[in-house]
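Quick note: numbers below take in every heavy atom, side chains included, and nothing from hydrogens, waters or symmetry partners. Proteins come first, then strands; the chains are lettered A, B, ... in the order of their sequence lines, and each starts at number 1.
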Amino acid sequence: MCSLSTLILKFKDKEVEIESGKSFSSVFPDLAFKDKEKIVGLFINGILYDLHMPIKNSGTIEPVYVDSEESLHILRHSTSHIMAQAVKHLFPHVKLAIGPSIKDGFYYDFDFQETISPQDLKQIEEEMRRIIDEDQHFERFVKPRKDALSLYKKESEEYKLELINDLGEEEEITFYRNGDFIDLCRGPHIPSTGYIKAYKLLNIAGAYWRGDERNPMLTRIYGTSFFQEKLLTSYLVKIEEAKRRDHRKLGKELELFSFHDEGPGFAFWLPKGVVLRNILLDFWREEHRKAGYVEVQTPLILKKDLWIQSGHWENYRDNMYITEIDESPFAIKPMNCPGGMLLYKEKIHSYRDFPMRVGEVGLVHRHEKSGVLHGLFRVRSFTQDDAHIFMLPSQIKEEIIRVIELTERIYEVFGFPYHIELSTRPDKSIGTDEQWDLATKGLEDALIEHGKGYELRPKEGAFYGPKIDFHLEDCLGRFHQCGTIQLDMSLPERFDLNYISSKGKEERPVVIHRTVLGSIERFIGILIEHYGGRFPLWLAPVQVVVMPITEKHVEAAGSAFNRLNDEGIRAELDDRNEKLGYKMREAEVKKIPYIVVMGQKEIESDTVSVRKGGGIDMGPLEMDGFVDLLKQETESKKKQ
RNA sequence: GCCACCCUAGCUCAGUCGGUAGAGCAACGCACUCGUAAUGCGUAGGUCGUCGGUUCGAUUCCGAUGGGUGGCUCCA
């Protein structure tokens, strides 16, 4: 890198010569960009820079305009600085940690001397307003390490000192200044604070310094910002929509499940919730039967010795509930696999049995830390749609592909897009390097052959093997981990599993653990939010409500209800002595798919009046036709 | 587990700068017999999460504890 040389910047078909070390803002007059005031950064050879950075390489440049994804990143990073600046004005003794931009906004971590509560956010926002209105210019500068350290020593900014000390010797130590605020920062930043047209501080949370629970707990303030007020508004509307769809709220309103102080993290299932669970499991069993699975059930409580043998005692004990029976220690199962291993050993297996696909809808209990519990998404007791597949090492790839395909078939019915992650060996694990390499390669090969892309998650595997995880994307763009495929080369060893090979010798089988839905509880939570409580007909706990107009029509409504009931349709009869509008409203609030009205007209014409949930009047239908319609819609598992 | 905040009737929420509480909906009763998102009137319902402290007096202030919410760490 030569600071005195001349650089050549290419933009479209133009070329400009500039002096090395000048910033992009100084290049502007020489390049014919349109809407220059809307440019907040540039790509040079595909790498993002802001307008403050000195140019040190020749290359092709591409402007970054307001409202692109990259520009939002720049904007939000700058907004986090302004928030820190405002906080520093209001709380001069605060210590600064870090303040990056994140997916939907930004945060800054502070070490406050005083406690900060959500009420303080308003005041901070007001101070930010002042800074933004001043339209302070951002300015980038470099400091020698020594100066940078002494600056922060003087101000007792211990976190900043730690950050500088962690920077490599050869790295430049850069700062950004706007107004009276200086922060150690790589950038990029917007040209001036006035670029922030809309911002909002959202919430306060605790966060460990550098994400390590052994470190001090800092105070994190989250916020977001946009280049346009209306984009902030629509973001806030989206948050409101997510609140409306919250499965904890809908679960209560729709009477699906409940939680009680007496069992934190343990869901209670109400009649309608149980209907939903059973429908889901019926569907699951049907798909698994077609895919060649059998189903078993293993006990909830098993002896400690078993958990020692499986490695859970050593690696998973903190998450296990321990109990005692006849003075010997037992544990409630946190996973189904050890029980499954015992079942395998029931008899001698031949290579001809393979692959053996053994499902188990198993209730597991895990002690989760109290702070992580979250509705059905994170509970202490949940039902895994588990299966263990026993097979030859040579069958790994094909079998994993079959599991992926089964998973896809099931997700497709709900209309969930998803992505796949491959997690490799964690620090705390059992098994040899060789086993791990082989298992990881097996998963990798299957993913490559299957052809859908995947993300690599180093060290995120289970303690007994690498895993493939499926992350569903719901209708609000949030991700949820559901299915998982884990290749296990350790349990077969620990349980001394064997099969008789074609050569008549005892050999070690390979085991896959896998789930598709992951946890029935979590999956139902996701379904509730995905559909906003308005389930497609095949899943709806109540499919039809029949309502007579007055007491005179109760009998006719009753026979309509009986007919539906006999046809296997989940119907309810609302024969309360209430006005039609009242009952109608209640059925709509409960998001019932179909409402049947029975009055004089219907009795005379031998029809039923049908209203589709959501307010669509379908007019009078003959009962036979209506039943067919319901059956077809149920059968097709139509998405909405 | 950690940080901040919250906990008042079945639900959603007012309220009390310390003098033992109120609305709407729901429930129940009565009247109305009704045509596609709330008929009217009335009745009942709360030791203000629990325990302790300060105080003449605590739902209110303080402390502990339980549960929840938003995050962090962890995870199906």
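Judged by Watson-Crick or G-U wobble contacts below 3.5 Å, the nucleotide A4(B) has U69(B) as its partner. Using N1 to N3 plus N6-O4 or O6-N4 for Watson-Crick, or N1-O2 and O6-N3 for G-U wobble, each under 3.5 Å, A14(B) pairs with nothing. Base-pair partner of U55(B): not found among the strands shown (Watson-Crick or G-U wobble, both distances under 3.5 Å). Across the strands present, C34(B) finds no partner; the criterion is a Watson-Crick or G-U wobble pair with both atom distances under 3.5 angstrom.
With A76(B), U73(B), G68(B) as the choices, the nucleotide that has an atom nearest any side-chain atom of Thr484(A) turns out to be A76(B).
Between Arg220(A) and the phosphate of G70(B), there is no side-chain N or O to OP1/OP2 separation shorter than 4.0 Å.
At a cut-off of 3.5 angstrom, the base of C74(B) holds at least one donor-acceptor pair with the side chain of Arg378(A).
If you check every strand for non-hydrogen atoms under 4.0 Å, Thr515(A) touches nothing. Backbone-only engagement by Lys467(A) is indicated by non-hydrogen atom pairs under 4.0 Å involving sugar-phosphate atoms exclusively. Counting non-hydrogen atoms under 4.0 angstrom, Arg514(A) reaches nothing in the nucleic acid. Within 4.0 Å (heavy atoms only), Tyr107(A) reaches no atom of the nucleic acid at all. At the heavy-atom level, Glu368(A) lies under 4.0 Å from base atoms of the strands shown.
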Protein-nucleic acid N or O pairs under 3.5 Å, nucleotides 34-39 of chain B:
| unit_1 | atom_1 | unit_2 | atom_2 | d |
| --- | --- | --- | --- | --- |
| C34(B) | N4 | Asn577(A) | OD1 | 2.8 |
| G35(B) | O6 | Gln600(A) | N | 2.9 |
| G35(B) | O6 | Lys601(A) | N | 3.0 |
| G35(B) | N1 | Glu602(A) | OE1 | 2.8 |
| G35(B) | N1 | Glu602(A) | OE2 | 3.4 |
| G35(B) | N2 | Glu602(A) | OE1 | 3.3 |
| G35(B) | N2 | Glu602(A) | OE2 | 2.3 |
| U36(B) | O3' | Arg611(A) | NH1 | 3.2 |
| U36(B) | O2' | Arg611(A) | NH1 | 2.9 |
| A37(B) | OP2 | Arg611(A) | NH1 | 3.4 |
| A37(B) | O4' | Arg585(A) | N | 3.4 |
| A37(B) | N7 | Arg611(A) | NH2 | 3.2 |
| A38(B) | N7 | Arg585(A) | NE | 2.9 |
| A38(B) | N7 | Arg585(A) | NH2 | 3.4 |
| A38(B) | N6 | Arg585(A) | NH2 | 2.6 |
| A38(B) | N1 | Arg585(A) | NH1 | 3.4 |

Extract from the structure each pairing of a protein N or O with an N or O of nucleotides 3-11 of chain B at less than 3.5 Å, listing the distance.
| unit_1 | atom_1 | unit_2 | atom_2 | d |
| --- | --- | --- | --- | --- |
| C3(B) | O2 | Gly206(A) | N | 3.0 |

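The NZ-P distance, from Lys333(A) to A76(B), rounds to 17 Å in whole Å. Protein atom NZ of Lys428(A) is 14 Å distant from nucleotide atom C1' of C75(B), rounded to whole Å. The interatomic distance linking Glu213(A) (CD) with C75(B) (P) rounds to 11 Å, in whole Å.
Using modelled atom types, one side-chain atom of Trp307(A) and one backbone atom of Leu302(A) make a donor-acceptor pair closer than 3.5 Å.
In this structure, Gln297(A) places its CD atom where only 12 or fewer heavy-atom neighbours from other residues, nucleotides or ligands lie under 6.0 Å away.
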